[in-house]
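Counting convention: from 1, in listed order, for ligands and their atoms alike. For clarity, every value in this text was computed on a predicted model and none was experimentally measured.
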Amino acid sequence: MEATVVKHTGSHYLLTVLPEWNLFPAVLRGKIRQKGSTATNPVAVGDRVLFSMPEGAEGEAVCATPENPAAITEVLPRRNYIIRRSTNLSRQSHIIAANVDMAFIIVTIDFPEVKLPFLDRLLVTCEVYGVPVTVVLNKSDLYGPEYSQRVEAFHNIYEGAGYPVTDVSAVSGEGIDGLREACKGRVCLFSGVSGVGKSSLIKALDPSLGPRTGEISMSHLQGKHTTTFYEMYRLASGGYIIDTPGIRGFGLVDLDKDEIALYFPEMLRVSGDCRFTPCTHTHEPGCAVKAAVEAGTISYERYSSYVGMLEEEQKYR
Ligand code: GDP
Ligand code: ZN
């Protein structure tokens, strides 16, 4: 039988047979590794897996319980996945989520102030893994007239790069219906630094969901040293959310110097016109990307993030 992984805590997993939400516990049976994967977790939230139900004393099929869990026997091929690496130098990686339909990156102009280079790293990560992104600008209720320039500039930078930007407020309710609509029928990754209002937005989308109130308490399953990783929630209005608390390191992907520009969509669009191939879009004459930055069709902020990523990449080589 096939199921989807909803939560992973220590050696235990919570599965459901979508579109049902019939959560039941499971463990891994035997060694399960995806070919070539260096991930510390062979099975991630969002993975589709094959499983067998536990057997009772007489060999009959019984309901899975924490004491007698189902057994995951195989991980089905992933459509995509998002990885987290502890540092650029680290070989080890952790799969945050698999089979994601789209990502919502939540930011705020202020409280906390959005760090564009960090946002751009997250966007590059999503491009690398082929996950469509919407940038969600939360706390719109706070942005009075004194913010209008910064809000407009933010829209221009990211819409200009090709990303939808949607203004929402978990407090006033602005944009929440649209967000709920966008989640319908999809598995959506929610990410953003702490304080941007991720938990508040999830609650606004579905008041029955508090990211700390899972349907089944797994606390009795947790060993002493386990951490709770990522978790999938079902929205009453349809669709699923994977919450990603603590996304430090999320933005780190292993890219070669000349690959980075491929994941800035607005640069990729013009780089065919650069005089040299490959072109790092820094010192080369006849560079179409630099020309676009000068003409204002590629934003200076995005270009700066790109150069920052290039320099960082060089530092580690
Ligand atoms: P998280 O760390 O991203 O999960 O953020 P929280 O949901 O815990 O929110 C952080 C703080 O921002 C809390 O004090 C929330 O009340 C506040 N907050 C969240 N969303 C909004 C919003 O849309 N407008 C305003 N004014 N405050 C918000
Ligand atoms: Zn160039």
Problem set entry | Gap separating the OG atom of Ser11 from the NE2 atom of His8, nearest 0.5 angstrom | 7.5 Å

Enumerate, one pair per line, all nitrogen or oxygen atoms of ligand 1 lying under 3.5 Å from a protein nitrogen or oxygen, stating the separation to 0.1 Å; write 'none' if no such pair exists.
from     : atom 1 : to     : atom 2 : distance (Å)
ligand 1 : 2 (O)  : Gly195 : N      : 2.8
ligand 1 : 3 (O)  : Gly195 : N      : 3.4
ligand 1 : 3 (O)  : Val196 : N      : 3.4
ligand 1 : 3 (O)  : Gly197 : N      : 3.0
ligand 1 : 3 (O)  : Lys198 : N      : 2.7
ligand 1 : 4 (O)  : Ser199 : N      : 2.9
ligand 1 : 4 (O)  : Ser199 : OG     : 2.3
ligand 1 : 5 (O)  : Gly197 : N      : 3.0
ligand 1 : 7 (O)  : Ser199 : N      : 3.4
ligand 1 : 7 (O)  : Ser200 : N      : 2.8
ligand 1 : 7 (O)  : Ser200 : OG     : 2.5
ligand 1 : 12 (O) : Lys139 : NZ     : 3.0
ligand 1 : 20 (N) : Asn138 : ND2    : 3.2
ligand 1 : 23 (O) : Asn138 : OD1    : 3.2
ligand 1 : 23 (O) : Asp141 : OD1    : 3.4
ligand 1 : 23 (O) : Ser169 : OG     : 3.3
ligand 1 : 23 (O) : Ala170 : N      : 2.8
ligand 1 : 23 (O) : Val171 : N      : 3.4
ligand 1 : 24 (N) : Asp141 : OD1    : 2.7
ligand 1 : 24 (N) : Asp141 : OD2    : 3.4
ligand 1 : 26 (N) : Asp141 : OD2    : 2.8

Seminar exercise, completed: Listing protein N, O or S under 2.8 Å around the Zn ion (ligand 2) gives Cys274 SG, Cys279 SG, His281 ND1, Cys287 SG

Problem set entry | Stepwise salt bridge (Lys or Arg N to Asp or Glu O under 4.0 Å) test for Glu266 and Arg269 | CA-CA 5 Å; Glu266 73 275 46; Arg269 278 196 285 274; 5.5 Å; no

Exercise. Is Val293 close to His281 at the side-chain level, that is, under 4.5 Å between some pair of heavy atoms?
Worked result: no

For this session: For the pair Arg275 and Glu284, evaluate salt bridge (Lys or Arg N to Asp or Glu O under 4.0 Å) and give the outcome as yes or no after the intermediate values.
Result: CA-CA 8 Å; Arg275 190 179 306 159; Glu284 296 88 345; over 6 Å; no

For this session: If a pair satisfies salt bridge (charged side-chain N to carboxylate O under 4.0 Å, His left out) and one of its residues is in residues 149-165, list it, with sequence neighbours excluded.
Result: Asp110-Arg150

Exercise. Pairs in or reaching into residues 161-180: which pass salt bridge (charged side-chain N to carboxylate O under 4.0 Å, His left out), with residues at least two apart or in two chains?
Worked result: Asp177-Arg180

Exercise. Same hydrophobic cluster for Leu310 and Phe276, using side-chain heavy-atom links shorter than 4.5 Å among ILVMFWY?
Worked result: no

For this session: Return yes if some donor-acceptor pair links the side-chain N/O of Asp47 with the main-chain N/O of Val5 below 3.5 Å, else return no.
Result: no

Problem set entry | Asp206/Arg234 salt bridge by N-O under 4.0 Å criterion | no

